[in-house]
Amino acid sequence: MSSYENLPMMLKLEISQDSIKDAPVETKTKLTNDLMRLLQVREKNVEMAKDWLLFLATSKFNKLTAGEIYNAFKLAMSRELKDAKGNDFELLPELSNNTTAKVLTAYMESKLLNTEYYKAKKALTKTSDEITHDEIAERRERFIEHLFEELNEKGICTEAWILYDELEQAGKIKVSNEEKKKLYADQLEVYQNELTEDRDANKGNEKFRHSLEFLMDQIKLGKKNRVVQNRCRSILVIEYLKAFCSDLSAFKNELANDNESNVCQSHDCSNQNKNT
């Protein structure tokens, strides 16, 4: 497989960052600022930026990365990306949801038609699928040892949620829907209070305000927040595993199963912390 440096720019931008839906607030803020400069928006409109980011996060474009979104507009600005009729895009000095949809649709279609991108991605996917069973088992063991140490030293581990699905499917975590709803509501309140305190303590820093506003928008739309969901999952996993924390061998035995690939193949388990 070619090295990362030799990959097509389209593919580099796709694999080097989280999707805009999962990107941290800092990345989203930088994207809006960069695009406003590119589009020559003279006066920053915070509400417009917030609405635009919400549109991205809840649309079919939410799997694109910030780098891809910026690149799409850059290509449209330089007349290298055309609309469905082969015409240039009319880019006004604003973050327009309508224009964004047109530009990103054209960009996604251009990816599908790009032979260089397609071949490189196919080769990359083939290589990633060749991870051996031993490598998967090794990742899993590292993560379990890391979890054991965290629980014994701190009593918590923010990555414990990674094991939630397998423990629930195995019938080891048994929680009613009502209990899940209550736990989520409790943790949502805790998280909202944390963000409020961060905002109030850092009034000059917009990222804290944006984080709280994003959460409030999710609440209004009836959407679940990933940070809160993973906190709930971690709490339930930790509660179950507490009984096995006195001995590492017993801890490992309790987590021994045939579902290693479900837990570790897509995670670098020793460092996983993608809660947003």
Side-chain angles (χ1 to χ4, degrees), residues 1-8 10-24 27 63 65-68 117-175 187 226-276:
M1 182 189 72
S2 302
S3 67
Y4 175 81
E5 293 303 322
N6 293 326
L7 293 175
M10 271 188 170
L11 187 54
K12 284 184 185 180
L13 293 173
E14 179 182 315
I15 67 176
S16 63
Q17 299 176 312
D18 286 332
S19 67
I20 192 64
K21 178 181 178 182
D22 299 327
T27 299
K63 292 183 180 180
T65 66
E68 288 184 290
Y117 162 83
Y118 175 77
K119 288 181 177 179
K121 185 169 184 178
K122 186 175 181 180
L124 192 66
T125 303
K126 181 179 179 181
T127 302
S128 66
D129 288 342
E130 292 171 355
I131 299 174
T132 67
H133 179 81
D134 288 343
E135 288 173 323
I136 294 172
E138 183 181 351
R139 292 184 185 186
R140 179 181 176 83
E141 184 170 9
R142 287 203 310 268
F143 174 66
I144 290 174
E145 290 174 352
H146 165 71
L147 178 59
F148 180 81
E149 291 174 3
E150 289 284 290
L151 294 186
N152 276 284
E153 292 176 8
K154 304 176 184 177
I156 61 171
C157 179
T158 56
E159 303 97 335
W161 61 269
I162 293 172
L163 296 174
Y164 177 80
D165 286 341
E166 74 167 75
L167 291 176
E168 184 182 46
Q169 289 168 13
K172 295 179 178 181
I173 291 179
K174 299 178 180 179
V175 188
Q187 291 304 310
R226 178 174 293 194
V227 173
V228 178
Q229 284 181 311
N230 287 340
R231 283 189 180 187
C232 294
R233 290 167 182 154
S234 288
I235 288 170
L236 294 172
V237 169
I238 292 168
E239 188 63 31
Y240 173 75
L241 292 176
K242 279 181 180 178
F244 309 98
C245 284
S246 59
D247 179 75
L248 179 58
S249 295
F251 193 81
K252 286 183 176 181
N253 287 336
E254 183 57 28
L255 292 171
N257 61 70
D258 297 323
N259 296 317
E260 293 165 355
S261 61
N262 292 339
V263 182
C264 292
Q265 191 164 3
S266 61
H267 301 277
D268 179 0
C269 291
S270 61
N271 295 304
Q272 175 69 17
N273 191 22
K274 293 177 85 173
N275 289 355
T276 62

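All heavy atoms count here, side chains included; hydrogens, waters and symmetry mates do not. The first residue in the sequence is number 1, and the count goes up from there.
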Just verifying a value: how many Å separate L163 CG and I238 CD1, rounded to the nearest 0.5 Å? 10.5 Å
For a 4.5 angstrom cut-off between non-hydrogen side-chain atoms, does R233 reach L236? no
So, taking the atom named OG1 in T27 and the one named CD in Q17, what distance separates them when rounded to the nearest 0.5 Å? 6.5 Å
Would a 4.5 Å heavy-atom cut-off, applied to side chains only, mark I162 and L147 as touching? no
I want to check something: taking the side chain as every heavy atom from C-beta on, are F251 and L241 in contact at a cut-off of under 4.5 Å? yes
For L7 against K12, the heavy-atom pair lying closest together: O-CE, 3.3 Å
If I compare all heavy atoms of Y117 with all of E14, which pair ends up nearest, and what's the gap? OH-OE1, 2.5 Å
So, taking the atom named CD1 in I144 and the one named CG in L255, what distance separates them when rounded to the nearest 0.5 Å? 4.5 Å
State, with a plain yes or no, whether a side-chain heavy atom of H146 is found less than 4.5 Å away from one of C157. yes
To the nearest 0.5 Å, what is the distance between OG1 (T65) and CG (D22)? 11.5 Å
Considering all heavy atoms, the nearest A66-I20 contact: CB-CD1, 4.3 Å
Atom NZ of K63 with >12 non-hydrogen neighbours under 6.0 angstrom: no
For residues F148 and C245, report the shortest heavy-atom separation together with the two atoms involved. CE1-O, 3.3 Å
E254 side chain to F244 backbone, donor-acceptor under 3.5 Å: no
How long is the straight-line distance from CD of E166 back to CD of Q169, given to the nearest 0.5 Å? 8.5 Å
Approximate separation, where rounding is to 0.5 Å, of R226 CZ and W161 CH2: 7.0 Å
Write down the atom of F143, the atom of E159, and the distance for their closest heavy-atom approach. CZ-O, 3.4 Å
